[in-house]
Structure formats: C-alpha cells, structure tokens
Amino acid sequence: MLKRYVSSFAWAMLVPAVVLAQQAHPDLSGAWSYAIDRAPAALKKTVNGVVTIQKIDQSARHGDATAVPGARPSTPAPSYKPEHQAKVKHLFDNESKLDPVFYCGKPGVPRIGPPRKIVQLPAETIFFYEDISGDPYRIVPTDGRPHRVNANPSHYGDSVGRWEGQVFVVDARNFVDDTWIGEDGYFHSAELRVTERLWKVGDNMVWQATVEDPVVLAAPWVMPPRLVRPSTESLEESPKCVETDGAKLLNDDHHLQR
Amino acid sequence: MRTLLVIVFAVVCADPLFAQGRVSGEGGGGEDRGVLGPVNALGQDIRRPAPPTGPPPRLPDGTIDLGDGLWIGGGPGDMESGLPKGESLPLLPWAKALMEERAKRPNDDPYYWCLPMGVPRVTPYPWRFVQNYTIKPTHMFILHEAIIHTYRQIFMDGRTHPAELDPSWFGHSIGAWEKDTLVVDTVGYNDKFWFDRKGTPHTTQLHTIERWTRINRGTLVNAITIDDPGAYSRPFTATFNARLAPPGDELMENFCQENNQFGIAGGHTHPFARPDQEKK
C-alpha cells in the first residue's frame with residue numbers, strides 16, 4: 001500500500017514535469033493541411049483533340065510562401081553539376097514514363113513534403129503522411145541519439161531531430177537513390193542528406209527543407225518554404241496505388257486526386 | 001543467396017512443420033521452428049530472450065503504457081488457432097466455399113501482392129503503439145513495420161463511427177479504456193484482405209472489437225471479436241498473444257513492394273501452391 005502511495009505521489013510530481021518539458025518548445029502536434037509537392041495551378045485535358053484548361057485555386061492548399069518569417073533564402077530548383085544536367089533534362093522530358101511515383105514508388109524525402117499529422121512526444125516526434133504509395137510514417141528521435149550506424153538505406157532515411165530555439169530541425173540521411181527530390185527529373189544519389197526545419201508562424205506551420213548531395217548537386221538546394229495551415233480533417237487512408245496505374249495515366253489529374 | 005532465402009522460407013512455411021513450435025498469434029508464417037532451427041521469414045536466426053515479466057508499466061495518469069516497445073505477434077497466422085479448443089469457425093456455406101477456393105489459389109493472397117494485411121493480421125512483423133503524446137490522448141496510432149510501413153489510426157476522443165464510410169484496409173477505429181483493457185471498435189473495412197494465410201474470409205459487414213490487455217510487462221493479449229453476419233453465422237472471439245521485443249529493437253522501413261523476394265513479384269509461388277501453379 002505504501003509502495004503504491006509513493007508511486008502515485010511520484011507520478012503526480014512527474015505529470016507537471018512532463019507537461020513543462022513538452023511546453024518548452026512549440027507544440028507542432030496536430031493535423032496539417034495536405035500539401036503535395038508543387039500541385040499544378042491548372043489542369044490540362046485533351047479529349048478528342050479538344051484541349052481544355054481548368055484553373056485550380058491553390059490558396060486553400062498552400063499558404064503564401066513568400067516573405068515567411070524565419071525562412072531562409074531559397075531557389076525554386078536545385079542546381080546540378082554540369083555533368084548531370086543532361087540526365088535531369090532526359091528525366092524531365094520523359095517524366096510521365098520515368099517518374100517513380102507514377103509507378104507507385106515512394107516520393108521519399110523531401111518530395112513528400114510536410115507531414116499531414118505530427119505527434120510530438122518527449123523523446124521522439126512522429127510524422128504521419130497521406131500518400132497513395134502507402135501512407136508512410138517517420139519516427140524522429142529527439143533524445144539526442146546519433147544516427148543509426150547499421151541501418152539499411154531507405155526511402156525515408158534515418159532521421160534525428162533537435163530543437164534550435166523555436167525551430168524543430170530534422171536531419172535525415174541514409175537514403176536509397178531511387179526517389180526524386182522533386183518533380184522535373186530531380187534525381188539524387190545515395191549521398192543525399194536532407195535537413196528539414198519546422199516552426200510555427202501564428203497558427204500555421206512552416207516547413208522548409210535543405211537538400212545536400214555532393215555527388216550530383218553543385219550546391220545545397222534550399223527549397224522554398226511551405227506555409228501549412230492547421231487542418232480539422234482527420235487522417236484518411238489513401239487508396240492503394242498498384243503498379244498497373246502507370247499505364248493508365250493520361251494527364252496530370254492525379255496531382256489533385258485528393 | 002536469394003535462392004537460399006527462398007528455399008529457407010519455403011521450408012519453414014511448409015505445412016507439416018507449421019504445427020511445430022508455434023505459439024498462437026506469434027507466428028503467422030515466419031517464426032516457426034523449422035528443420036534448420038529457429039529462423040524467421042528471412043532465414044535469419046531468432047535468438048530472442050524470454051519476454052520480461054512483472055507488472056505492466058503505466059503512464060503518469062495511471063493508464064497502462066502500451067507504447068514503450070515493439071510487439072511481435074498479436075494476430076492470426078491461422079484465425080482458427082485463436083479459438084477455444086474444440087471450436088471451429090462458424091463460416092456460412094458460401095464463405096466456406098470461398099475459403100476452399102482460396103486454398104486452391106493461395107497466390108491470390110493480397111499479402112503476397114504487397115497490400116496491407118488489414119485487421120487483425122499483423123504477424124510476423126513487429127509493430128508498436130503510439131499512445132502517450134498527451135496526458136489525455138485524443139488519438140492512438142499503431143505503426144506497422146511491414147508490409148507497406150504504414151499506420152492505423154484510433155480515435156480516443158469519444159467520437160462515434162461516421163454513418164457512411166469508404167471501405168478501407170484498416171477501417172475506422174474508435175477506442176476506449178475499460179479499466180486496464182484497451183478496447184478498439186472498428187468498422188468500415190473493405191473485403192479485400194484475408195484474415196490469414198489460409199484465406200479466412202470476411203465481408204464489408206465486418207465489425208471487429210479488439211480487447212488489448214497487457215497481462216504483464218512482456219505479454220499483450222488481443223482477444224478479438226469478429227462480428228460479420230455476411231460471412232459467419234454468429235460472432236466469435238479469437239485470442240492471440242503479442243510478445244514484447246527486446247529493448248533497443250526499432251522499427252525498420254519495410255516496403256514489401258521494393259524487395260519482394262517471396263511473393264509473386266519475386267517470381268515465386270506460395271509454398272502451398274500446386275505444381276501446376278508454379279510460375280514458369
């Protein structure tokens with residue numbers, strides 16, 4: 001009985017400590033608006049030779065990415081070393097045939113963008129995504145541990161997180177080399193390393209990634225920030241992509257399937 | 001090496017050996033003790049310490065902590081094996097016929113096509129709960145290492161199921177604690193997944209009630225009630241045990257699609273397949 005009382009007392013003391021520890025940094029927990037990589041501003045359809053263009057209002061999907069407080073200077077596209085530029089052009093010119101996501105490949109990091117939901121725990125933060133390739137998740141330890149030394153390379157890499165003031169910084173590395181870092185043929189090597197920064201601006205969250213790949217990139221690519229609005233929509237299981245989908249692609253409508 | 005792995009896989013999954021050394025709910029096809037010794041689906045040695053005993057840990061508010069490690073098992077490799085001794089599945093005639101048909105075409109198991117295993121099939125891969133992210137959780141999650149490295153979402157905020165749901169692989173789950181048992185009520189399933197490798201079927205009328213009880217630090221019992229009037233003459237409850245993985249084990253990224261050496265994508269057929277089904 002005494003042991004139980006002492007235990008309960010210890011927990012009672014611990015609860016405020018846990019709450020305080022969780023409040024020492026901004027709480028990024030919650031659901032965030034779905035924000036696919038550079039969704040198109042218009043849909044182009046060709047039916048029986050007739051071309052129609054339907055403009056898409058993206059304002060609800062993407063916040064204003066300009067002049068975001070705390071954002072680093074960015075460029076819209078990565079800068080490839082001269083010897084790799086022809087490959088990028090080839091991949092871009094044949095994107096509909098070669099983009100791995102058209103064949104149910106994983107978008108990987110950073111292409112999958114900001115998480116749809118974040119669960120911030122004292123020693124780890126978990127990112128949840130919605131994606132037709134299988135609704136992946138990432139576990140980001142925040143307990144100071146180093147990267148795993150014996151992990152296999154993977155699509156979403158090996159991540160560790162830390163707080164730099166009010167900014168949550170995720171260092172991801174150890175990737176496979178068969179994802180793209182963005183549309184337009186942006187391939188990468190297994191030396192890819194991605195640093196994601198997440199912070200709050202008012203009720204919104206900003207996600208900005210920096211891509212380093214000394215093998216193929218001429219310089220680190222600081223991506224444009226994404227201002228992501230909070231969402232009241234729960235996570236929803238995505239329809240599963242099957243590999244036969246690629247042959248059925250007629251246009252880029254799939255960018256806005258969700 | 002790949003050939004060796006396939007051979008090992010086939011050997012450990014061969015039917016006569018399946019009954020050996022199996023712990024209900026902890027197998028599912030890969031963890032049985034085969035002729036080569038204790039190996040998993042990858043042919044790797046399993047040298048697991050005994051699961052820890054002692055009382056289960058609790059969160060600061062007294063709730064049982066289910067999120068302090070990885071779990072192995074807790075779902076069926078064979079649904080019928082989770083029934084009380086002497087009972088059998090109350091299959092409706094058409095469902096029994098479908099199961100018999102599936103036995104002839106085991107390659108059709110969606111699992112072999114890298115599709116989600118659904119509920120309650122989790123074995124033989126590790127998984128974990130995400131539970132303690134606030135003092136009073138509004139959600140819980142189950143993270144699966146395999147086969148598509150995805151998650152289940154469980155609403156813990158008292159909501160009810162929506163009236164209309166799009167059928168899905170994991171359905172719509174709401175959870176609540178009944179003393180020290182986590183009760184997860186799920187509807188809204190599709191009818192695509194198989195409960196187990198034997199092709200035990202269900203329909204979109206499936207309603208599951210999982211009752212997760214951590215009876216000690218190292219053992220989590222899943223007593224799952226299957227209520228599916230579309231396929232069964234009455235509800236039934238099957239019980240499976242999950243075992244806590246050793247400290248330090250972590251979930252890895254596992255996408256079956258990317259390295260599917262065992263299923264159809266690997267050019268191999270199910271070990272139960274008839275010779276005439278062998279892929280040429």
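Any value given below was found using the heavy atoms of this structure, including those in side chains, with hydrogens, waters and symmetry copies removed.
Among residues 139-147 of chain A, the residues having any heavy atom closer than 4.5 Å to a heavy atom of chain B are, in sequence order, A/Ile139, A/Arg145.
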Original post:
Stepwise, does the side-chain contact (heavy atoms from CB on, under 4.5 Å) test hold for B/Phe141 with A/Val119?
Top reply: CA-CA 10 Å; B/Phe141 293 89; A/Val119 171; 3.8 Å; yes
Subject >> Criterion side-chain contact (heavy atoms from CB on, under 4.5 Å) on A/Phe128 and B/Leu143, from CA distance to verdict >> reply: CA-CA 10 Å; A/Phe128 296 89; B/Leu143 307 183; 3.6 Å; yes
**OP:** Could you walk me through whether B/His149 and A/His155 pass the side-chain contact (heavy atoms from CB on, under 4.5 Å) test, one step at a time?
**Re:** CA-CA 11 Å; B/His149 197 71; A/His155 293 82; over 6 Å; no
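Atom CG of residue B/Asp166 and atom CD of residue A/Glu237 lie 10.0 Å apart, to the nearest 0.5 angstrom.
A/Ser234 is listed as a side-chain neighbour of B/Arg159, based on a closest heavy-atom distance under 4.5 Å. Residues B/Tyr151 and A/Leu235 form a side-chain contact, since some pair of their non-hydrogen atoms from C-beta on lies under 4.5 Å apart.
Between the side chain of B/Thr150 and the backbone N or O of A/Asp135 there is at least one donor-acceptor pair closer than 3.5 Å. No side-chain donor-acceptor contact under 3.5 Å links B/Gln153 to the backbone of A/Glu236.
The number of heavy-atom neighbours closer than 6.0 Å to NZ of A/Lys200, taken from other residues, nucleotides and ligands shown, is above 12.
Electrostatic pairing of B/Glu250 and A/Arg148 counts as a salt bridge here, judged by a charged N lying under 4.0 Å from a carboxylate O.
Of the two parts of B/His144, only the backbone, made up of N, CA, C and O, holds a non-hydrogen atom closer than 4.5 Å to a non-hydrogen atom of chain A.
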